[in-house]
Amino acid sequence: MDDLLLDTARRAIRYRNALPERSVAPTPQAIAALDRFREPLAQRGTSASDVIAMLDAIGSPGTVASAGGRYFGFVIGSSLPVTVAANWLATAWDQNAALAVMSPTAAVIEEVALAWLVDLFGLPDGTAGTFATGATMASFAALAAARHAKLREVAWDVDADGLFGAPPITVVLGEEAHASVGRALALLGLGRERVRTLAADAQGAIRADALPAAIEAPAIVCAQAGNVNSGASDPFDALRDWSDRAGAWLHVDGAFGLFAGASPSMRAQVRGVERADSWATDAHKWLNVPYDSGIAFVRDPEALRGAMATAASYLPTQPLREPFHFTPDFSRRARGVEIVAALRSLGRTGVAALVERCCRHARRFAEGLRAAGFEILNDVVLNQVVVALGDDATSARAIERIQREGVCWCGPTRWRGRAAMRISVSSWATRDADVERSLVSIVRCAAAASRTGEAA
Ligand SMILES: *Cc1c(COP(=O)(O)O)cnc(C)c1O
């Protein structure tokens with residue numbers, strides 16, 4: 001075992017050390033080589049060291065260097081070295097975090113992780129939390145709590161009796177809500193399309209001046225901290241006051257945007273967010289812990305526990321906090337370990353510095369691209385930049401070139417009806433030099449794409 005684990009650690013360290021210089025996208029040859037994985041399941045086993053050697057030889061080159069400092073696609077955080085190390089240790093523990101009796105360590109660390117995050121985000125004392133795979137399932141858990149609580153107010157037990165014949169819930173969603181909230185609503189039987197949509201402004205934030213006069217109770221309002229393109233957040237104070245008139249539950253999808261609250265200089269971006277009833281966020285994005293790591297917070301612990309709690313003859317009934325009474329899962333890994341490792345290693349000022357550094361890099365990208373003659377389509381208020389690299393066809397060609405060149409990786413999007421490129425800076429590993437190298441590559445590729453367009 002020692003040789004196997006030490007050899008694997010050396011391979012993993014080599015992989016991480018190569019990230020600063022390797023091409024961000026895998027080469028076409030590396031992708032083609034992945035076909036070697038497609039063998040029939042063997043009758044007889046292979047030695048452990050050969051298994052790992054093959055995973056490394058074929059698998060490592062086929063990965064995307066999203067853990068490095070020049071990946072700006074989607075909104076993808078890297079992983080801090082201390083969180084990779086904590087993940088290794090937790091994997092060696094192989095704990096099931098469902099019940100405290102299965103892992104006192106996992107249960108205690110989980111409580112600490114939740115308490116620290118509640119503190120970091122400035123959420124109300126007593127807020128309950130739950131771990132999930134990502135922000136999608138965190139919104140699912142939070143909205144299950146909302147569904148439970150709002151229907152209980154009208155004397156309907158949704159957990160026992162389901163939604164058939166239940167009083168209808170009004171669900172309200174911003175026009176620019178992330179698609180994952182629609183998925184969570186669909187899974188909860190609340191319907192992806194059966195929603196009232198609130199108009200958004202040019203930055204994608206809900207317009208406080210265009211809220212309908214009234215909504216019918218029971219109601220759930222879904223807002224957002226951090227638009228996945230522009231980084232803009234909804235006006236939480238206005239939404240809270242408006243939701244209160246219908247006694248509505250206010251949920252916030254803050255997959256990355258909630259982390260603005262961890263920085264004194266960025267906190268104004270999410271003013272009033274602590275007045276919501278529930279929040280979803282990701283530790284695998286801006287906190288830079290390994291996948292997968294989502295968290296839901298619910299102001300009223302009874303709403304979350306009411307929606308999730310389960311009884312069975314073999315399960316403990318003591319009143320201690322049992323992790324699995326708050327999660328949609330039974331068995332799951334101990335996600336709190338990496339979160340505590342990140343927060344303990346960074347401290348409050350380190351988290352703020354990580355957030356602020358990413359935002360500074362985003363502003364530098366906008367400045368550099370503007371200086372090169374490109375149009376920045378969003379107000380760069382957080383870590384997101386939306387840039388037009390020409391007409392729709394030129395933009396698509398430019399992005400393809402940028403990805404192929406491999407200096408950095410950015411993806412396409414559509415913003416206010418135009419094709420654009422999206423830059424998300426969400427990694428501790430991004431240095432000033434990475435931004436400058438990436439700017440040169442983007443400008444070079446966009447110019448080449450524009451020339452090939454003229455030739456055509
Ligand atoms: C990434 C993201 C999600 C989805 O999160 P997952 O962790 O992928 O489930 C939801 N909302 C926003 C705003 C996001 O950026």
Side-chain angles (χ1 to χ4, degrees), residues 64 66-67 71-79 83 117 121 129-144 173-188 192 195 198 200 203-206 221-234 236 239 250-262 266 269-270 273 276 278-297 327-329 332-333 335 338-339 342 355 358-359 362 378 381-386 410-411 413-415 422-427:
V64 175
S66 47
Y71 186 86
F72 309 107
F74 305 92
V75 183
I76 301 249
S78 175
S79 41
T83 67
L117 288 171
F121 296 140
T130 182
F131 293 87
T133 45
T136 305
M137 289 311 287
S139 276
F140 171 82
L143 291 169
L173 208 57
E175 187 188 350
E176 274 282 331
H178 193 272
S180 62
V181 178
R183 179 183 295 191
L185 291 170
L187 290 170
L188 288 163
R192 184 184 289 132
V195 292
L198 300 178
Q203 297 304 316
I206 290 171
V221 176
C222 301
Q224 175 167 264
N227 178 288
V228 82
N229 285 305
S230 70
S233 294
D234 291 334
F236 302 114
L239 285 169
L250 179 59
H251 172 68
V252 176
D253 171 12
F256 63 99
L258 212 52
F259 279 86
M266 288 293 146
Q269 288 300 319
V270 293
V273 74
S278 61
W279 306 262
T281 195
D282 271 323
H284 58 225
K285 286 185 177 170
W286 226 345
L287 192 58
N288 281 212
V289 311
Y291 285 94
D292 45 27
S293 191
I295 311 120
F297 300 98
T327 57
D329 316 86
R332 65 197 164 82
R333 68 188 194 89
R335 293 194 180 86
E338 299 128 9
I339 294 172
V355 167
C358 290
C359 295
N378 68 320
V381 292
L382 211 61
N383 60 329
Q384 304 288 118
V385 181
V386 185
C410 306
T413 190
R414 287 199 75 79
W415 187 244
R422 179 164 69 136
I423 301 171
S424 173
V425 191
S426 323
S427 169

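Values below: all heavy atoms of this structure, side chains included; hydrogens, waters and symmetry mates excluded. Keep in mind it's a predicted model, so treat the numbers as computed, not measured. Just follow the structure's listing: the first ligand is 1, and inside any ligand the first atom is 1.
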Among non-hydrogen protein atoms, atom 7 (O) of ligand 1 lies closest to Asp282 OD2, 2.6 Å
At under 4.0 Å between heavy atoms, what of Phe74 touches ligand 1? The answer is neither
At under 4.0 Å between heavy atoms, what of Asp253 touches ligand 1? The answer is side chain
protein heavy-atom neighbour closest to atom 9 (O) of ligand 1 works out as Thr136 OG1, 2.6 Å
ask   = Are any of the heavy atoms in Gly226 under 4.0 Å away from ligand 1?
value = yes
Close side-chain approach of Phe256 and Ser426, heavy atoms under 4.5 Å: no
Practice problem: Mark yes when over 12 heavy atoms from residues, nucleotides or ligands other than Arg332 sit less than 6.0 Å from its CZ; otherwise mark no. | Solution: yes
Near His284 (heavy-atom distance under 4.0 Å), the atoms of ligand 1 are 7 (O)
What one should report as the nearest heavy-atom pair of Ala362 and Val385 is O-CG2, 3.3 Å
A student checking ligand 1 against Phe256 at a 4.0 Å heavy-atom cut-off should list atoms 15 (O)
Under 4.0 Å between heavy atoms, the region of Ser180 that gets near ligand 1 turns out to be side chain
Please tell me if the side chains of Phe72 and Arg422 come closer than 4.5 Å, counting only heavy atoms from C-beta onward. no
Heavy-atom nearest pair, Thr136 first then Ser180, reads OG1-CB, 3.2 Å
Nearest heavy-atom contact between Leu250 and Ala276 is O-CB, 3.4 Å
Gly134 heavy atoms within 4.0 Å reach ligand 1 at atoms 7 (O), 9 (O)
Counting from 1 in the order shown, the ligand 1 atoms closer than 4.0 Å to a non-hydrogen atom of Val228 are 15 (O)
Quiz item: So, Gln384 versus Ser230: side-chain donor-acceptor pair below 3.5 Å or not?
Solution: no
**Asked** Do Lys285 and Phe259 touch side chain to side chain, with heavy atoms closer than 4.5 Å?
**Response** no
protein heavy-atom neighbour closest to atom 15 (O) of ligand 1 works out as Lys285 NZ, 2.8 Å
So for Met137 against ligand 1, with non-hydrogen atoms under 4.0 Å, the contacting part is neither
